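Working notes, beginning with the structure itself.
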Amino acid sequence: MFWSKIFLPTLKDSPQDAEVISHQLMLRAGMIRKVTSGIYTWLPLGLRVLKKIENIVREEMDASGAQEVLMPMVQPRELWEETKRWEKMGPELLRFQDRHDRDFCLGPTHEEVITDLVRNNVKSYKELPLNLYQIQTKFRDEIRPRYGVMRGREFLMKDSYSFNIDKDSLNESYLLMKETYKKIIERLGLEYKIVKADSGAIGGDASEEFHVLAENGEDTIAVSDSSEFAINTELLLGEGEDINSLQGKPSPDGTGTIEIRKGIEIGHIFQLGEIYADAMNANVLDHEGKSQTIFMGCYGIGISRLVAAAIEQNNDDKGIIWPEIIAPFEVNIIAIGFGKDKMIAQAAIDIYDKLSSMGYEVILDDRNDGFGTKMKDAELIGIPINIIIGKQYTEKNEIELRHRDGQSSIGMIDDIETIFEYFKKENN
RNA sequence: CGGGGUAUGGCGCAGUCUGGUAGCGCACUCGCUUUGGGAGCGAGUGGUCGUAAGUUCGAAUCUUACUACCCCGACCA
């Protein structure tokens with residue numbers, strides 16, 4: 001991709017209504033634009049990151065044996081009445097009528113639709129366990145959307161639902177999802193905690209949240225300073241107790257003391273048990289030919305929220321510092337004087353072609369701007385590796401390789417071939 | 001929904017107190033010169049000042065109502 005061709009409107013100044021760093025940087029780096037409160041358009045650069053995270057999630061879900069489906073965003077009232085949630089849900093459930101005055105809602109979650117699907121099509125315990133997932137836009141009319149895509153009303157989510165013949169099998173599916181979530185977040189290179197949680201309004205038995213640790217996180221969690229233990233502070237507080245009073249107390253798991261941290265909830269896994277299947281008559285025949293209520297689990301990951309969370313954890317005063325695996329491009333070639341100096345332009349294009357053919361995702365900054373402008377933009381959008389071709393190339397045959405993280409800067413390299421050698425090594 | 005705040009060109013802002021018909025920086029367009037840390041000179045484009053009503057000879061500015069957006073809180077599979 002050539003910089004002069006990509007739709008990438010970067011901003012020098014941070015828009016006034018962006019408070020947290022990830023929101024500011026996503027706007028400044030030309031990743032998103034707001035349409036209305038809590039609702040955003042993803043621009044090419046942001047979409048690249050979103051898709052990368054989506055694909056990592058998809059790969060790990062597929063590897064776990066789950067199967068992808070795609071359910072509708074618009075759902076009929078009747079299904080929601082079966083679980084009594086048409087009444088129970090508040091205004092966060094966006095309702096509307098079609099031309100025949102039938103009631104519908106925009107799906108904030110899909111227990112009803114998936115349970116309906118399974119009860120109509122799965123009849124035997126032999127077809128279980130079954131784990132179906134989708135990656136889809138959800139809509140929740142949040143009381144107060146905030147922090148850009150971190151808490152939007154419309155957002156991209158991976159939600160999956162497991163169907164099991166009994167509690168033990170459900171537990172197995174649950175643990176498999178827990179492992180899968182760990183793999184996903186570890187691949188994304190994010191620091192996280194698994195937090196014991198209240199299973200909340202959705203009901204059910206076991207429930208754990210996955211939190212990416214970040215200063216601007218909306219949730220407060222209590223972590224042990226010397227073990228993996230973490231728990232939602234709500235579960236520890238007594239009547240009228242202050243969150244800060246927990247700091248320094250002995251950890252409930254008996255190891256170390258409590259440390260209060262801020263987290264962004266990017267995943268939540270539940271053992272629903274029989275609640276939904278019971279309400280919706282989702283049964284299968286067991287090996288004795290008896291009808292059994294299906295045990296369900298549900299597992300969510302906020303894909304769009306992960307984009308913001310990754311930025312919250314990886315930035316400096318200059319901009320975003322993408323973990324390589326989700327960077328919108330892997331290499332940025334900064335050609336100074338691209339439109340003027342044919343030798344530089346040719347070298348830049350050669351490197352671009354070669355790296356592209358080696359399988360790298362490359363962007364070439366071919367704009368007629370000075371070094372400063374290009375470097376500032378490069379730092380803002382946070383591409384891991386920058387190759388800088390300028391006067392030193394025409395004069396001394398030298399090219400600079402600069403890592404965005406500033407910790408592994410390569411410096412001047414004495415010819416183009418050496419660069420390809422470097423990238424071959426990188427690849428292995 | 002309670003509390004606080006904002007609304008002037010794509011972005012950041014001044015002008016509002018003290019009414020006189022809109023300005024600055026950046027961005028954008030054209031030309032020339034530039035190109036290793038957000039370039040320079042010259043010439044341009046772009047705004048019913050959130051909406052509506054009112055006061056006034058005259059409203060971005062004063063009054064009233066409304067709307068949108070942001071922050072804090074309550075809420076959140």
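Side chains are part of it too, since the values below use all heavy atoms of this structure and drop only hydrogens, waters and symmetry mates. The structure displayed is predicted, hence computed values, not measured ones. Every chain is numbered from 1, with letters handed out A, B, ... down the list of sequences.
Atom CD of A:E19 and atom P of B:C72 are 6 Å apart (whole Å). Distance, A:D369 CG to B:U35 C1': 9 Å, rounded to whole Å. The separation between A:K374 atom NZ and B:A39 atom C1' is 14 Å, rounded to whole Å. Atom CZ of A:F371 and atom C1' of B:U35 are 11 Å apart (whole Å). Distance A:K34 NZ to B:G10 P: 15 Å, rounded to the nearest Å. In this structure, CD1 of A:I336 is placed 11 Å from P of B:U35, rounded to the nearest angstrom. The separation between A:H23 atom NE2 and B:C69 atom C1' is 11 Å, rounded to whole Å. Rounded to an integer number of Å, the gap from A:D341 CG to B:U35 C1' is 10 Å.
Here B:C69 sits opposite B:G5 as a Watson-Crick or G-U wobble pair (both hydrogen-bonding atom distances under 3.5 Å). In this structure, B:A22 forms no base pair with any nucleotide, since neither Watson-Crick nor G-U wobble geometry is met with both distances under 3.5 Å. Using N1 to N3 plus N6-O4 or O6-N4 for Watson-Crick, or N1-O2 and O6-N3 for G-U wobble, each under 3.5 Å, B:C62 pairs with B:G54. Across all strands shown, B:G46 remains unpaired; no Watson-Crick or G-U wobble contact has both distances below 3.5 Å. B:U16 makes up no base pair with any nucleotide shown, lacking Watson-Crick or G-U wobble contacts both under 3.5 Å. With a cut-off of 3.5 Å on both Watson-Crick or G-U wobble distances, the partner of B:G31 is given as B:C41.
Within the structure, a side-chain polar atom (N or O) of A:R146 is placed less than 4.0 Å from OP1 or OP2 of B:G73. Put simply, A:S37 has a side-chain N or O that comes within less than 4.0 Å of OP1 or OP2 on B:C70. Between A:T36 and B:A68, a side-chain N or O to OP1/OP2 separation shorter than 4.0 Å is absent. For B:C72, one of the phosphate oxygens OP1 or OP2 lies less than 4.0 angstrom from a side-chain nitrogen or oxygen of A:R144.
B:C24 and B:C49 are spaced 15 Å apart, taking the C1' atom of each and rounding to whole Å. Between the C1' atoms of B:G23 and B:G47, the separation comes to 11 Å (whole Å). Comparing the P positions of B:G4 and B:U64 gives a spacing of 16 Å, expressed to the nearest Å. The separation of B:C13 from B:G50, taken at their P atoms, amounts to 15 Å, rounded to a whole angstrom. For B:U16 and B:A60, the C1' atoms lie 7 Å apart once the distance is rounded to whole Å. Of the C1' atoms belonging to B:U21 and B:G36, the separation is 49 Å, rounded to the nearest Å. Taking the P atom of each, B:G9 and B:G15 are spaced 15 Å apart, rounded to whole Å. Rounded to the nearest Å, the gap between the P atom of B:C62 and that of B:G20 is 11 Å.
Under the 4.0 Å criterion applied to side-chain N and carboxylate O atoms, A:R58 and A:E54 are assigned as salt-bridge partners.
A:P252 approaches A:I258 most closely through the heavy-atom pair CD-CD1, 3.9 Å. A:L364 and A:A335 get closest at one heavy-atom pair: CD1-CB, 4.3 Å.
The side-chain heavy atoms of A:L93 and A:C105, taken from C-beta on, include a pair separated by under 4.5 Å. Residues A:I221 and A:L213 are in side-chain contact: their nearest non-hydrogen atoms beyond the backbone lie under 4.5 Å apart. Side-chain contact between A:D415 and A:Y393 is absent, with no heavy atoms from C-beta onward closer than 4.5 Å. Counting heavy atoms from C-beta on, the side chains of A:D405 and A:D316 never come closer than 4.5 Å.
Separation of the A:Y133 and A:Y299 ring centroids does not fall under the 6.0 Å cut-off. Ring-centre distance between A:Y360 and A:F423: below the 6.0 Å cut-off.
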Open item on the list: Walk me through whether A:Y352 and A:F2 qualify under ring-ring contact (aromatic ring centres under 6.0 Å, His included).
Closed with: CA-CA 9 Å; A:Y352 176 86; A:F2 280 34; 5.1 Å; yes
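Contacts between residues 390-398 of chain A and RNA chain B, defined by a heavy-atom separation below 4.0 Å, involve A:G390, A:K391, A:Q392, listed by number. Using a 4.0 Å cutoff on non-hydrogen atoms, no part of residues 58-82 of chain A comes near RNA chain B.
The nearest heavy atom of RNA chain B to A:V20 and to A:I389 marks one nucleotide each, and the one closer to the 5' end goes with A:I389. Projected onto RNA chain B by closest heavy-atom contact, A:F338 and A:L380 fall at different nucleotides, the more 5' of which corresponds to A:F338.
Evaluation of the side-chain contact (heavy atoms from CB on, under 4.5 Å) rule for A:Q67 yields A:L130, A:L132 as partners, not counting sequence neighbours.
Contact annotation for A:E379: base contact, defined as any heavy-atom pair under 4.0 Å involving a base atom. Using a 4.0 Å heavy-atom cutoff across all strands shown, A:I334 reaches no nucleic acid atom at all.
Among the nucleotides B:C71, B:C69, B:G12, the one closest to any side-chain atom of A:Q16 is B:G12. Closest approach to the A:I143 side chain among B:C75, B:C71, B:G36 is made by B:C75 (side chain taken as heavy atoms from C-beta onward). Nearest nucleotide to the A:D17 side chain, out of B:C70, B:C71, B:G38: B:C70. Between B:G36, B:A74, B:G38, one nucleotide has an atom nearer to the side chain of A:R28 than all others, and that is B:G38.
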Task: Base-contact (B) and sugar-phosphate-only (S) positions in nucleotides 23-34 of chain B, heavy-atom cut-off under 4.0 Å, - elsewhere - done: --BS-------B
Which pairs of donor and acceptor atoms, one on a side chain in residues 35-50 of chain A, lie under 3.5 Å apart (sequence neighbours left out)?
{"unit_1": "A:Y40", "atom_1": "OH", "unit_2": "A:H23", "atom_2": "NE2", "d": "3.4"}
{"unit_1": "A:R48", "atom_1": "NH1", "unit_2": "A:P328", "atom_2": "O", "d": "2.9"}
{"unit_1": "A:R48", "atom_1": "NH1", "unit_2": "A:E361", "atom_2": "OE2", "d": "3.3"}

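The list of salt bridge (Lys or Arg N to Asp or Glu O under 4.0 Å) pairs with a residue in residues 87-97 of chain A, not counting sequence neighbours, is empty.
Checking A:N283 against A:Q292 by side-chain atom types alone, no donor-acceptor pair falls below 3.5 Å.
Within 3.5 Å, a donor on the side chain of A:D377 pairs with an acceptor on the base of B:G38, or the reverse.
Judged by the 6.0 Å and 45° rule, A:K193 forms no cation-pi pair with A:F210.
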